[in-house]
Amino acid sequence: MTAAPEIGVLALQGDVREHARALEAAGARTRSVRRPEELERVDALVLPGGESTTMWKLARAFDLLDPLRKRIEAGMPAYGSCAGMIMLADRIRDGIEGQETVGGIDMTVRRNAFGRQVDSFESDVRLSGIADEPYHAVFIRAPWVESVGAGVEVLGRAETGSNAGRIVAVRQGRLMATAFHPELTGDFRVHHYFADMVRRATEQED
Ligand code: GLN
């Protein structure tokens with residue numbers, strides 16, 4: 001039997017500790033990732049919520065952008081929440097000038113999309129394949145997914161208010177992203193789902 005896979009949490013900015021706690025509750029081992037050497041050691045990566053413009057600038061300053069892109073292209077599982085969803089998007093709208101992402105998921109994400117009307121809100125979301133009972137989702141200056149390519153599976157959509165129908169959870173192969181913050185609610189079904197995906201991916205490679 002091999003050791004449980006180790007899931008890194010990108011620790012440049014944002015709710016790093018909350019993700020580490022949620023992953024551990026889901027049975028994963030975790031490690032903070034700030035440097036390219038730390039990225040090389042992990043089996044998978046979580047990109048936390050926070051502020052994508054700051055995360056991008058720090059990732060660039062720490063020489064992490066290219067290593068992140070390479071590992072994702074090579075098949076490393078990754079999950080991004082909120083700002084992390086923006087980081088995993090191939091295309092963004094309403095970014096600041098020059099803002100780059102790591103990319104990986106064939107989608108266009110609009111920053112602060114819900115935030116134009118309300119800064120934060122909570123809503124139940126049905127997450128296909130993840131949660132039989134609706135997931136109580138917390139959105140904070142959240143993006144939404146404006147469009148997805150053919151290879152992207154939509155896992156969940158906003159269900160209430162004028163934004164009902166907007167895509168808020170997606171998966172493409174070993175990459176997944178949510179516009180909301182499952183690390184903040186104590187309901188770790190999304191982290192369990194990701195940890196299971198990572199376990200299966202590492203078993204395939206052994
Ligand atoms: N609005 C933030 C951004 O652009 C994301 C907010 C969040 O992660 N809670 O990165």
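Counting starts at 1 for both ligands and their atoms, following the listed order.
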message = Apply side chain to side chain donor-acceptor pair (under 3.5 Å) to residues H136 and E122 and explain how you reach the verdict.
response = CA-CA 7 Å; H136 191 69; E122 301 181 14; 2.8 Å; yes
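- Near ligand 1, G49, G50, E51, S52, C82, A83, I86, R111, N112, I140, R141, H181 each place a heavy atom less than 4.0 angstrom from the ligand.
- D106 approaches Q172 most closely through the heavy-atom pair N-OE1, 2.7 Å.
- With a 4.5 Å cut-off on side-chain heavy atoms, F180 and V138 do not count as touching.
- D90 is linked by a side chain to side chain donor-acceptor pair (under 3.5 Å) to nothing, counting only residues two or more places apart in sequence or in another chain.
- Using a 4.0 Å cut-off between a side-chain N of Lys or Arg and a carboxylate O of Asp or Glu, R126 and E159 qualify as a salt bridge.
- K70 and E40 are not joined by a salt bridge, as no carboxylate oxygen comes within less than 4.0 angstrom of a charged side-chain nitrogen.
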